[in-house]
Amino acid sequence: MKSVYLDNAATTPMAKEVIEVMTNAMYNNFGNPSSTHAFGRSTKALLENARRSIAKLLNCEPSEIIFTSCGTEADNMAIDSAVELLGAKRIITTPIEHHAVEHTIDALVKAGKVELVHVNMNSEGIVDLAHLEQLLADTSKKTVVSLMHANNEIGTLLPLEKVNELCKKYGAIFHSDTVQTMGHYAFDLKKLDIDYITCSAHKFHGPKGVGFLYVNKKAKVQNLIQGGSQERGLRGGTENIYGIIGLAKALELAYTDLEAHQQHVQQVKSHMIKRLKNELPGVEFHGTIEPEKSLYTVLNVKLPATEKGSMLLFTLDLKGVACSGGSACTAGATTGSHVLRGIKADTSRPNARFSFSRYTTIEEVDYAVDVLVEVYQNVLV
Ligand code: PLP
């Protein structure tokens with residue numbers, strides 16, 4: 001049976017070149033980067049080269065990159081720092097942020113440290129910028145805005161530059177969860193001058209369990225993990241050196257021929273949209289499918305109503321098509337998607353999130369559509 005992986009927003013397969021640099025370092029560099037002898041120094045050099053390489057790709061200072069264990073940790077660190085160190089007393093966000101952000105904010109609200117305000121969005125998850133400006137115009141409380149660059153379930157994009165400009169105009173701190181866009185869009189951080197963004201390597205063919213927080217040198221950051229002086233004292237613990245090397249390589253590969261990757265994946269997505277519209281009457285999409293407003297790697301399909309909708313993902317899996325309903329991080333949860341609830345979507349109809357990578361082929365998407373149509377005709381009737 002054919003096996004097709006269309007769940008790249010959950011995680012991506014590692015690139016061969018990434019595995020090569022990691023295994024090479026595993027064979028040759030075991031020293032602790034904090035050791036001052038030659039073994040340690042050679043590993044430290046790899047670590048700092050990785051940081052420099054990432055900083056160069058994003059046009060920022062190496063000292064603005066703090067390696068973390070994942071995107072979740074980086075999001076936690078940014079939001080906690082904005083509140084605990086920079087003194088934010090109000091958080092403006094949406095109900096469709098990733099749980100890494102949502103639950104961090106919930107904890108701060110519960111502890112009575114901040115007031116939570118939701119900015120309006122439409123049913124596609126597009127943030128109402130006029131409402132955001134109206135909220136920001138009240139400058140009586142120090143404010144942090146936390147809005148994701150692209151939603152991991154429905155793919156809706158945030159106009160990052162515009163939101164950043166608004167935050168600057170009213171003196172608010174801006175954190176954006178860029179976990180789904182890092183490695184998929186170019187960032188010029190000197191030009192953008194945003195406070196905090198985050199990264200997770202496994203979303204762009206790097207290893208799992210490693211990410212980073214970008215902290216603008218004008219902003220501040222406080223550690224979540226106490227310990228040694230690693231990461232300039234901002235994150236105690238011996239560094240995940242192989243993960244970090246893999247992250248840097250994956251980012252380098254992602255930004256080599258970025259436009260060609262973008263075009264290819266958008267073409268794959270458009271092909272799937274076209275075929276679904278033609279072959280599955282009544283199909284619609286959650287979020288928007290307008291290319292300028294939608295992450296090109298994600299397509300969330302609102303499928304025709306069927307009483308057997310709960311069997312959909314299971315049936316697709318049996319036929320070799322891997323996709324997800326909602327976020328992979330909550331797969332198995334019975335509460336449904338907080339994102340679909342947040343945009344007040346019609347959840348009586350089954351939905352499937354297909355997500356693509358630069359390795360996804362048109363043939364794979366054709367197979368998935370063939371299976372989906374066949375499942376609708378023969379299994380879910
Ligand atoms: N933020 C977004 C938008 C994500 O999609 C994810 C992972 O799915 C995360 C944060 C968390 O990243 P990690 O799995 O590295 O903790």
Side-chain angles (χ1 to χ4, degrees), residues 8-34 42-78 98 100 149-150 152 176-189 196-215 221 224-225 230-232 234-258 261 297 329 357-359:
N8 290 279
T11 196
T12 53
M14 279 170 68
K16 187 172 108 322
E17 297 90 329
V18 170
I19 298 172
E20 271 164 16
V21 293
M22 287 176 72
T23 47
N24 189 33
M26 283 174 187
Y27 280 121
N28 298 309
N29 302 85
F30 71 89
N32 187 323
S34 297
S42 75
T43 314
K44 178 84 174 169
L46 290 180
L47 175 67
E48 295 312 324
N49 282 344
R51 198 189 312 274
R52 271 194 292 275
S53 155
I54 293 165
K56 197 164 172 224
L57 291 166
L58 303 177
N59 196 22
C60 68
E61 303 293 328
S63 60
E64 293 174 313
I65 301 291
I66 299 158
F67 291 116
T68 61
S69 67
C70 56
T72 300
E73 183 187 331
D75 283 327
N76 271 256
M77 222 171 155
H98 190 273
H149 190 194
N152 49 302
S176 185
D177 175 343
T178 50
V179 165
Q180 289 291 341
T181 51
M182 180 64 63
H184 299 285
Y185 292 89
F187 289 86
D188 181 339
L189 292 174
Y196 304 101
I197 62 168
T198 54
C199 164
S200 180
H202 71 104
K203 305 294 185 183
F204 49 91
H205 309 290
K208 292 168 192 41
V210 62
F212 66 77
L213 170 65
Y214 158 82
V215 187
V221 69
L224 287 178
I225 299 175
Q230 292 90 350
E231 299 300 286
R232 289 180 292 121
L234 292 169
R235 186 176 193 277
T238 302
E239 300 86 342
N240 173 9
I241 182 72
Y242 309 116
I244 290 168
I245 294 168
L247 189 169
K249 185 66 187 177
L251 201 64
E252 179 200 316
L253 293 170
Y255 287 132
T256 308
D257 297 329
L258 176 66
H261 296 158
T297 53
C329 311
S357 85
R358 60 178 188 262
Y359 299 132

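Computed from heavy atoms alone, side chains included, the values below leave out hydrogens, waters and symmetry copies.
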Run the side chain to side chain donor-acceptor pair (under 3.5 Å) test against E17 and tell me which residues pass, sequence neighbours left out.
none
For N24, the side chain to side chain contact (heavy atoms under 4.5 Å, CB included) test, sequence neighbours excluded, returns N28
Who pairs with Y255 by ring pair (Phe, Tyr, Trp, His ring centres under 6.0 Å), at least two apart in sequence or on another chain?
none
Under 3.5 Å, side chain of K203 to main-chain N/O of A10, donor-acceptor pair present?
yes
Is there a donor-acceptor pair closer than 3.5 Å between any side-chain N or O of Q230 and the backbone N or O of G237?
yes
I'd like to check the side chain to side chain contact (heavy atoms under 4.5 Å, CB included) partners of H205; sequence neighbours left out, ordered by chain and number.
T12, P13, A15, S357, R358, Y359
Between K44 and E48 (salt bridge meaning N to carboxylate O under 4.0 Å), is one present in this structure?
yes
L253 to H261 - nearest heavy-atom pair and separation:
O-CE1, 3.5 Å
Apply side chain to side chain donor-acceptor pair (under 3.5 Å) to D177 and list each qualifying residue two or more places apart in sequence or on a separate chain.
none
With a 3.5 Å cut-off and no angle check, do the side chains of N29 and T43 form a donor-acceptor pair?
no
For T23, the side chain to side chain donor-acceptor pair (under 3.5 Å) test, sequence neighbours excluded, returns none
Checking L189 against I197 for the side chain to side chain contact (heavy atoms under 4.5 Å, CB included) test, could you report, in this order, the C-alpha distance in whole Å, the side-chain angles of both residues, the deciding distance, and whether it holds?
CA-CA 10 Å; L189 292 174; I197 62 168; 3.7 Å; yes
Determine the minimum heavy-atom distance between A100 and D75, stating which atoms define it.
CB-OD2, 3.7 Å
Shortest non-hydrogen contact from H184 toward T297
ND1-CG2, 3.9 Å
Nearest atoms (heavy-atom pairs only) where G71 meets V179:
CA-CG2, 4.0 Å
Using the salt bridge (charged side-chain N to carboxylate O under 4.0 Å, His left out) rule, collect all pairs that involve residues 240-252, keeping only residues at least two apart or in two chains.
K249-E252
Please list all pairs meeting side-chain hydrogen bond (donor to acceptor under 3.5 Å, both in side chains) that have one or both residues in residues 235-245, counting only residues at least two apart or in different chains.
E73-R235
State, with a plain yes or no, whether a side-chain heavy atom of Y214 is found less than 4.5 Å away from one of C199.
no
Set of side chain to side chain donor-acceptor pair (under 3.5 Å) partners for N59, sequence neighbours left out:
D188
Which residues pass the side chain to side chain contact (heavy atoms under 4.5 Å, CB included) test with E20, not counting sequence neighbours?
K16
Heavy-atom pair with the smallest gap, counting every atom of P207 and G246
CD-C, 3.7 Å
Quick one, L58 and M182 - any side-chain contact, counting heavy atoms below 4.5 Å?
yes
Validation row: F204, T181 side chains within 4.5 angstrom (heavy atoms):
no
Taking 4.0 angstrom as the limit, do R51 and E64 come out as a salt bridge?
no
Geometric class of the H149/F187 ring pair [parallel <30°, tilted 30-60°, perpendicular >60°]:
perpendicular
What are the two closest heavy atoms between Q180 and A9, and how far apart are they?
NE2-O, 3.0 Å
Test your reading of the model: is there a side-chain donor-acceptor pair from T178 to the backbone of T198, 3.5 Å cut-off?
yes
Under the side chain to side chain contact (heavy atoms under 4.5 Å, CB included) test, residues paired with K208 that sit two or more places apart:
T11, H202
Can a donor-acceptor pair be found, under 3.5 Å and without considering hydrogens, that links the side chain of R232 to the backbone of S63?
yes
